[in-house]
Amino acid sequence: MRVGVVYFPGSNCEQDAVYACRQVGLEAEYVWHKQSLIEGFGALILAGGFSYGDHLRCGAIACSSPIMPAVERFAADGGLVLGICNGFQILAEMDMIPGTLLANNGLKFRCQDTLMRVERNDSPFTNACEVGQVLRINMAHYEGNYFAEPETLQRLEANGQVVMRFGPAADESGGEFNPNGSIADIAAISNEAGNVMGLMPHPERAMQSALGSTDGRLVFESLRRAIDARDGDSQAFVALEGKPAGV
Amino acid sequence: MKGQVVVRLREEVLDPQGVTIGKALANLGYDNVASLRQGKIFDVELATDDPQEAERQLTAMAKQLLANPVIETFEVHVGSKV
Amino acid sequence: MKGQVVVRLREEVLDPQGVTIGKALANLGYDNVASLRQGKIFDVELATDDPQEAERQLTAMAKQLLANPVIETFEVHVGSKV
Amino acid sequence: MVIARLSLLSRGNRPVSEALERTLPLGAATDQKTAVEHGMTADEYARVVEILGRAPTLTELGMYSVMWSEHCSYKSSRVYLRELPSSGPAVLQGPGENAGAVDLGDGLAGVFKVESHNHPSYIEPYQGAATGVGGILRDIFTMGARPLALLDSLRFGKPQVGKNRHLLDGVVGGIAGYGNCMGVPTVGGEIYFDDSYDHNPLVNVMCFGVAAADRLIRARADGPGNLVIYVGARTGRDGIYGVSLLASATFDAEAEEKRPAVQVGDPFTEKLLMEACLELVDKDLLVGMQDLGGAGLTCSTAELSSNSRTGMRIDIAKVPRRESGLTPYEIMLSESQERMMLVVTSAQLEEVMAIFDKWDLEAVVIGQVTDDGFVQVFDDGELVADVPARSLAEEGPRYERPFVLPVPPPSIGAGELKCDLHTHDVLFRLLRDPTVASKRWVFQQYDQTVRFNTVQRPGGEAAVIWLKEYGSDAAVALAIDGNPWFSALDAKQGAKLAVAEACRNVACTGAKPLGITNCLNFGSPEVDVRMGEFVAAVEGIAEACLALEVPVTGGNVSFYNETAGQPILPTSVVGAVGRHDHYDRTVGAGFLSSGDKVVLIGGADTDDPGLGGSAYVRLVHAARPGAPPSLDLGLEARLHRLLVEAASAELLRSAKDCSDGGLAVALAETCFAVADGARADRSLASVGEGSVKGLLGAYIELDASPGDDHHAALFGEAPSRVVVTTRPDDAERLVDLGAAYGVPARVVGEVTEEPRLRVMVQDRPAIELGVDLLYTAWAGALAAVMERA
Ligand SMILES: Nc1ncnc2c1ncn2[C@@H]1O[C@H](COP(=O)(O)OP(=O)(O)O)[C@@H](O)[C@H]1O
Ligand SMILES: [Mg+2]
């Protein structure tokens with residue numbers, strides 16, 4: 001089953017997401033935002049970057065792209081959707097994930113490796129990890145400071161929607177290892193059903209030891225397993241009308 | 001005709017930018033800034049002469065795109081500049 | 001007391017954000033947006049009750065920090081919200 | 001002074017052009033006075049009249065004035081730049097196009113260049129730097145190459161001064177804002193702080209990209225009848241007079257008056273433009289391409305047709321505009337960003353337009369290629385300019401300005417300087433100096449890893465990019481260097497040292513240097529001493545390049561970097577590109593494992609300890625003048641070959657050259673280079689703000705120092721020295737290899753698990769400090785200054 005990597009004008013991580021999928025044996029295909037049809041995909045990745053230049057609010061304008069109603073339906077039907085960085089911001093703007101991403105606490109763009117602790121491994125995006133496992137993954141963003149109001153946050157914690165937190169060890173999070181001020185050190189969060197996840201750091205940039213880390217493989221490996229597990233149970237459907245998939 | 005949409009962060013939402021600017025002002029000696037919050041203003045020129053129509057359109061735009069109701073509120077003004 | 005500083009790009013300066021947002025609105029069917037420009041609005045709470053003093057301070061802040069005179073202009077309002 | 005006159009005319013916010021055009025109707029002839037107001041000399045004007053056989057119209061005069069300005073015509077520098085060696089087996093494109101290119105093997109071309117955006121960055125630091133990045137990126141993708149990496153070379157006044165912090169903060173923000181949005185990682189750079197840059201910071205940005213060697217695009221308008229397309233942002237009044245005046249006229253108190261020139265960068269549009277253009281290249285749909293940078297439409301029409309010995313006819317009524325009321329003069333001179341001009345065949349027009357449509361870009365056919373050698377500009381049927389293309393692009397004035405060569409001071413010998421400071425105090429002072437301290441505060445704001453090719457991130461010797469997306473195992477090393485204090489003392493020697501250092505940094509990663517680009521930032525060429533510095537620098541670069549066998553494939557000259565007669569330090573910035581056979585065998589700067597042997601390789605047989613212009617003399621001896629370090633270019637060349645050989649034989653675990661702060665600072669930085677990101681596997685310091693976990697130490701023994709001057713031995717900046725580590729078993733092989741290459745190499749110590757740096761000189765402890773203390777001093781210094789409000 002293929003993974004569709006959705007990209008918008010201004011996205012700039014789509015090639016990295018495709019590379020990462022192929023590294024773990026997943027077929028991947030670019031999906032341009034002007035398509036309004038999503039067909040035959042086992043999962044979708046909303047790629048990182050600066051869709052529409054990050055103008056207005058990060059991710060805001062992408063929400064009105066032709067592809068988005070189809071993405072929404074794909075998710076509503078249980079399809080796996082991973083939003084990385086700007087993809088996360090788009091999911092938050094779409095309200096497919098609760099909360100929002102504010103400017104980093106240092107009010108600067110920040111690019112560095114981060115350490116993230118896996119909070120649960122029953123998610124389709126972390127099933128290859130151990131709970132408490134620490135992943136070393138690069139981040140690069142200006143608006144990654146996750147924020148949700150107290151009641152929302154409480155609900156997220158109660159539902160176990162926090163999938164990863166910044167922290168250096170299984171039993172230690174936050175402090176100097178929270179690079180952007182995210183509330184409760186949140187680095188990755190899912191929707192209530194768990195099939196949609198937003199993640200600020202870039203697992204697709206942690207796929208080669210020569211390039212710093214291979215921990216991102218665990219995320220893509222998880223995705224592959226999740227897709228395999230759903231084998232045959234095609235998520236394919238036709239939403240609206242439009243051009244066939246492909247760039 | 002002209003109009004504006006003013007978009008502000010909801011009061012309960014943290015405004016890191018506003019906080020930082022407030023601090024910078026304090027450092028510059030403006031010590032009676034009790035609070036500062038940063039919002040956006042959109043100056044829009046509409047191809048209509050009907051103020052009610054303009055207001056209706058600006059409101060629709062604000063709802064649909066210019067403001068994010070999860071974290072923001074908005075106001076619409078029709079007519080000359082704020 | 002409350003006041004606002006509204007900061008806008010000078011007219012001759014390109015506003016890439018405004019252009020993108022204007023196009024997005026057009027794509028959403030708002031086809032009579034002739035132009036859209038984005039500015040900033042700072043809502044400031046000052047520890048003074050003197051409107052003139054408030055205006056003086058807001059103007060000074062705008063000049064010194066809030067607006068970049070090379071590409072921006074500003075307006076100051078004292079009193080309740082715009 | 002030119003600017004003063006123009007600003008008088010442009011008072012009241014009315015662009016000078018409008019004021020002039022109202023009194024001078026289109027088509028009317030201009031006179032010498034108007035030419036002088038445009039910054040031309042009487043002689044230059046007379047030449048225009050001679051070329052045209054009549055007086056030019058205002059539009060034509062504007063076109064000549066920008067094309068013949070220093071920035072576009074290189075009228076003061078061209079004669080000297082010709083002396084630079086620019087050929088060699090690896091060169092695919094030398095100077096003359098938008099960027100140079102070298103052969104990377106596997107059918108790939110490495111395309112690179114450095115550009116300055118100094119004056120605009122002083123007026124508006126964020127936008128000035130941002131549009132500078134936009135400009136150099138366009139130069140690279142105009143060649144048909146995908147930009148893969150950016151590097152920035154910055155010079156500011158000391159950051160303790162508020163205004164300088166404001167400038168640095170804005171410039172770094174602008175580079176980040178533009179480069180990050182473009183999805184091009186910024187992987188390296190350098191910063192020096194000196195008072196001479198207070199009113200004239202330098203912002204030089206280098207870009208490296210890759211193209212298929214047989215698909216390099218040139219600025220050509222072949223084939224009369226072919227169509228000319230304008231694509232990208234709309235045209236506004238941006239930067240009219242920008243390039244020609246901002247880059248060519250000295251700064252003064254009237255900078256305020258230059259406001260109409262300020263441009264705002266739009267990286268979003270540029271990203272679409274880049275993707276669309278690269279798609280056209282990929283599908284082989286282009287005859288030629290030229291970006292609209294300095295001198296806008298004038299430059300692109302003139303250069304495209306001049307290069308092909310054709311002509312071009314355009315109708316500016318078709319040019320998309322951002323504001324109404326633009327005159328032909330303004331349209332031809334506008335420097336609005338994010339615009340390109342393409343030449344395509346009419347058969348392929350439809351396919352080309354479909355690609356622009358996909359990327360939501362506005363594209364219009366504005367004219368066609370002709371065969372008469374003239375650029376003809378029509379405004380809706382009316383001819384407003386009619387000039388020979390070659391006269392604009394190639395037949396501009398050339399000056400051999402009078403110059404005085406600098407006389408360098410004598411060098412400072414070992415033992416000549418007396419100093420009571422403890423070595424530790426000196427070391428801390430150096431590590432905390434913003435020029436020496438970690439630049440993480442800066443590069444943390446840059447996306448360093450997008451496209452997932454970055455093997456070595458900022459913080460090491462050179463950045464390394466794996467050509468992974470081309471299915472190749474090869475990697476490219478990139479470095480940019482230029483110590484201005486060396487140049488200030490001796491412009492020629494400083495330039496040589498800059499070439500040597502940039503190539504050495506590339507070689508430290510194990511890559512073979514293939515070519516360099518350079519950015520020469522100087523004061524006014526009309527002052528003989530400044531001109532002399534420039535001439536000397538070009539000589540120095542030429543000499544070093546010949547000896548090191550690296551060609552110059554392009555570059556940039558920025559004159560008039562002075563304010564109220566106060567020039568900047570002469571600053572020669574050199575960007576080097578090297579190639580590595582295998583990405584996984586590149587060498588990082590930091591210690592990797594305890595027990596590894598530390599080997600010092602290189603070091604010329606001279607009694608010059610390299611004190612002149614050193615950070616030590618600057619910080620401890622009140623910058624006492626002395627000749628910059630002597631350089632043995634033969635040894636330097638052998639050293640580079642040795643490093644490449646040793647890396648490919650997998651003998652090197654790390655390599656770091658001795659530069660700012662000398663051997664002692666190099667040793668300290670080698671202890672914590674891992675913390676800055678490159679190969680950060682074991683260090684927590686790169687992920688946590690204050691963490692020092694995972695850092696290693698070293699125990700070093702040095703021989704007696706000449707003149708018993710420990711400071712000279714530890715802090716002197718003699719070049720051609722590299723601190724490397726090797727597995728214990730490989731040390732002997734490495735030393736032997738050094739001997740075979742005629743390069744001194746000796747084991748001086750080993751890497752220790754205990755994070756302490758201990759350096760013995762002649763059996764006496766000279767340094768004995770915890771690496772955590774050294775690291776904290778070095779890592780936090782710049783951030784502490786910058787975060788001071
Ligand atoms: N210092 C230099 N060394 C070598 N070549 C140079 C130097 N300065 C400029 N050049 C070359 O002169 C040509 C014109 O440069 P420039 O006008 O900056 O190009 P562009 O207009 O594309 O930015 C380029 O090919 C450039 O590489
Ligand atoms: Mg160019």
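Note on naming: letters A, B, ... go to the chains in the order of the sequence lines (proteins, then strands), and numbering restarts at 1 for each one. The model shown is predicted, which means the values in this text are computed figures rather than measured ones.
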remark   = Separation between SG (A/C111) and CD (D/Q445), nearest 0.5 Å, reads 11.0 Å
query = Where the side chain of A/Q112 meets the backbone of D/V687, is there a donor-acceptor pair that is under 3.5 Å apart?
reply = yes
key: Contacting moiety of A/Q208, where chain D heavy atoms sit under 4.5 Å   = both
Chain D contact via A/M207 - side chain, backbone, both or neither, heavy atoms under 4.5 Å = both
request  = Would you please classify the geometry between the D/F268 ring and the A/Y52 ring as parallel, tilted or perpendicular, with 30° and 60° separating the classes?
outcome  = tilted
ask   = Hey, which of A/S11, A/P9, A/A140 has the most heavy atom pairs under 4.5 Å with chain D?
value = A/P9
task = In plain terms, say whether D/D447 and A/R205 are close enough for a salt bridge, that is, a side-chain N and a carboxylate O under 4.0 Å apart.
result = yes
request  = Using non-hydrogen atoms and a 4.5 Å limit, figure out which bit of D/T449 sits close to chain A: side chain, backbone, both or neither.
outcome  = both
inquiry  = Do A/F50 and D/M182 have side chains that approach each other closer than 4.5 Å (heavy atoms only, starting at C-beta)?
reply    = no
request  = Please report the closest heavy-atom contact between A/W32 and D/K358, naming both atoms and the distance.
outcome  = CZ2-O, 3.5 Å
CA sep, side-chain torsions, deciding dist, call: D/V455, A/L211, side-chain contact (heavy atoms from CB on, under 4.5 Å) = CA-CA 5 Å; D/V455 181; A/L211 299 176; 3.5 Å; yes
key: Charged tip of D/K468 within 45° of A/Y19 ring normal and under 6.0 Å   = yes
query = Out of curiosity, D/R451 CZ to A/N12 CG, how far, rounded to the nearest 0.5 Å?
reply = 8.5 Å
key: chain A-proximal positions within residues 169-181 of chain D [heavy-atom distance under 4.5 Å]   = D/D169, D/N180, D/C181
request  = For the residue pair A/H55 and D/D266, establish whether any side-chain heavy-atom pair is separated by less than 4.5 Å.
outcome  = yes
message = Which residues in residues 169-187 of chain A have any heavy atom closer than 4.5 Å to a heavy atom of chain D?
response = A/E176, A/F177
key: Residue-level interface, residues 100-108 of chain A with chain D, non-hydrogen cut-off under 4.5 Å   = A/K108
key: Contact class of A/A206 relative to chain D, heavy atoms under 4.5 angstrom   = backbone
Residue pairs, two or more places apart or on separate chains, that pass salt bridge (Lys or Arg N to Asp or Glu O under 4.0 Å) and touch residues 12-21 of chain A = none
ask   = Do D/F452 and A/H202 have side-chain heavy atoms sitting under 4.5 Å apart?
value = no
message = Between A/K34 and D/D357 (salt bridge meaning N to carboxylate O under 4.0 Å), is one present in this structure?
response = no
remark   = Tightest non-hydrogen contact, residues D/V450 and A/C13, listed as CG2-SG, 4.3 Å
key: Heavy-atom closest contact (A/G10 atom, D/K271 atom, distance)   = CA-CG, 4.2 Å
